[in-house]
A.B. asks: 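This is the structure I want to talk about, given as structure tokens.
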Amino acid sequence: MTQTDRRQWLPQFCMLPTLFAVMVVAELVALILVLAPEHAMATLPSRLGVTSVYVQWLALLNAVVLCSLRVPLSRLSAPVGVAIAWLSTTIITALASWLIHMMDVQLGLNLTVPSGDGAHFVFVNVVISALIAAALLRYLFVIEQWRERVRAASKAQVDALQARIRPHFLFNSMNTIASLIRTRPVDAERAVEDLSDLFRAALGAGDTMGTLGEELDLVDEYLRIEQWRLGSRLRVERDLDHVPRDLPLPRLLLQPLIENAVYHGIARLPNGGTITITGRHLPGRVELVIGNPCLAETAPTRNGHALDDIRARIGYHFGNDGEISVEPSSDRFTVTVRLPDKVRDENPRR
């Protein structure tokens, strides 16, 4: 997501969900207008029909204009953008109301007001539109401020994740490389490349999206480093043939889970164990399961900062469409990550 995207506080008015919401609000306004006490209930259906057509047309016209102004307004500060958007809706409502009234007078349909009351008709419409637009744009502005705080918190979590590569892992990796240099120089060179890729990914993760394939490649590089250190104690079983490798995925989403599996599970067992990594492509979602054996006394309680960070990042990027669940047992720890197979538009979320 680019910086311009982050600053776009207006929703996508041209998208169907937003248009539907606008139409619902417009219909509520039309209903309130026709329920005014000075009108007779007998004429309610006809007045509701005419008013609904007019209000819906006016609302959609404003929505189209705000949709076209979304990118230019995003280059301005939010308060200035709100003021310009509000002024635009007010001017559009005034011009459209005057146009409709003049057409009604010329055609003699008597759908609005008599010819002498045109100014009053325009004034009432402008006041109603201005009040509704002010409330709506204020709401959108407050929501954008809240989203900025969420984005800042998410970025802080990613920054913490980048700085949280455990020193013991770096020291152990360097010791492993040093031990390989004389006896297995080719493996030592490969270990240096894997370690370099791992740190490059960690330092460059930011708030950008990668792919599931890139994340799985990073997991393989991490496991190769740990396998050179732990030897036969670390065994890995993979079943990932059916997952879409091009699935957009936040960077460093799975690697910390694998690191937890090694650090809290395999490394603490005298005989090591097997980490299982499986994936399924289900209708509308992708499910990834990571399991590892662990000591009985640590299985029920291992739910640390890595899981909390990943849970928050999944919620930020995917909303309610993604989740992470933990299934500890007496001697095994299983983490399941469920993600949508299509990434939603982040801006209009919430």
Side-chain angles (χ1 to χ4, degrees), residues 8-74 78 81-144 319-320 344-345 347-350:
Q8 287 181 347
W9 51 270
L10 277 176
Q12 287 278 16
F13 279 98
C14 294
M15 295 180 63
L16 287 179
T18 308
L19 285 176
F20 178 75
V22 170
M23 293 175 68
V24 170
V25 173
E27 191 60 31
L28 290 175
V29 172
L31 184 61
I32 293 173
L33 291 176
V34 300
L35 289 178
E38 66 267 17
H39 296 298
M41 293 299 294
T43 61
L44 177 61
S46 61
R47 287 187 291 105
L48 179 59
V50 173
T51 305
S52 295
V53 171
Y54 170 67
V55 173
Q56 293 288 357
W57 171 77
L58 193 57
L60 292 177
L61 179 62
N62 278 296
V64 171
V65 172
L66 291 177
C67 177
S68 63
L69 291 177
R70 184 171 184 260
V71 174
L73 289 178
S74 70
V82 168
I84 293 177
W86 178 83
L87 185 62
S88 299
T89 59
T90 303
I91 294 174
I92 291 169
T93 301
L95 294 176
S97 300
W98 181 255
L99 176 62
I100 290 296
H101 173 66
M102 294 302 296
M103 292 176 60
D104 181 41
V105 171
Q106 293 296 324
L107 296 175
L109 299 177
N110 298 320
L111 295 177
T112 57
V113 295
S115 59
D117 295 334
H120 177 72
F121 175 74
V122 173
F123 175 76
V124 170
N125 288 342
V126 168
V127 170
I128 294 174
S129 174
L131 292 175
I132 295 175
L136 177 62
L137 292 172
R138 172 61 182 173
Y139 167 77
L140 294 175
F141 175 76
V142 172
I143 286 295
E144 177 60 18
N320 295 328
R344 55 174 174 75
D345 182 3
N347 288 321
R349 179 169 68 87
R350 300 187 183 97

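Just so you know, these numbers use all the heavy atoms, side chains as well, and skip hydrogens, waters and symmetry mates.
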A.B. asks: The criterion is side chain to side chain contact (heavy atoms under 4.5 Å, CB included); which residues satisfy it with Val124, sequence neighbours excluded?
C.D. replies: His120, Ile128
A.B. asks: Using every non-hydrogen atom in the two residues, find where Val22 and Ala59 come nearest and quote the distance to one decimal.
C.D. replies: CG1-CB, 3.8 Å
A.B. asks: For the CG atom of Asn62 and the CD1 atom of Ile92, what is their distance to the nearest 0.5 Å?
C.D. replies: 5.0 Å
A.B. asks: Measuring from atom CG of Leu28 to atom CE of Met23, what distance do you get when rounded to the nearest 0.5 angstrom?
C.D. replies: 12.0 Å
A.B. asks: Checking Leu95 now: which residues fulfil side chain to side chain contact (heavy atoms under 4.5 Å, CB included) with it, not counting sequence neighbours?
C.D. replies: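 Expected list: Ile91.
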A.B. asks: Ignoring hydrogens and angles, write down the donor-acceptor pairs under 3.5 Å from the side chains of residues 129-138, residues two or more places apart or on other chains.
C.D. replies:
residue, atom, partner, partner atom, Å
Ser129, OG, Thr93, OG1, 2.9

A.B. asks: Which residues pass the side chain to side chain donor-acceptor pair (under 3.5 Å) test with Thr51, not counting sequence neighbours?
C.D. replies: none
A.B. asks: Please report the closest heavy-atom contact between Val55 and Ala26, naming both atoms and the distance.
C.D. replies: CG1-O, 3.3 Å
A.B. asks: Return the set of residues passing side chain to side chain contact (heavy atoms under 4.5 Å, CB included) with Val122 (not counting sequence neighbours), or none when no residue passes.
C.D. replies: Ala94, Ser97, Trp98, Val126
A.B. asks: If every non-hydrogen atom of Ala96 is compared with every non-hydrogen atom of Leu58, which pair is closest and at what distance?
C.D. replies: CB-CD1, 3.5 Å
A.B. asks: For Gln56, what residues pass the side chain to side chain donor-acceptor pair (under 3.5 Å) criterion, not counting sequence neighbours?
C.D. replies: Glu27
A.B. asks: Quick one: does any side-chain atom of Ser52 pair with a main-chain N or O of Gly49 as donor and acceptor, under 3.5 Å?
C.D. replies: no
A.B. asks: Mind listing the closest non-hydrogen atom pair of Leu19 and Cys14 along with its distance?
C.D. replies: CD1-O, 3.9 Å
A.B. asks: Can you tell me if Asp104 and Tyr54 form a side-chain donor-acceptor pair at under 3.5 Å?
C.D. replies: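 Asp104 vs Tyr54: no donor-acceptor pair found between side chains.
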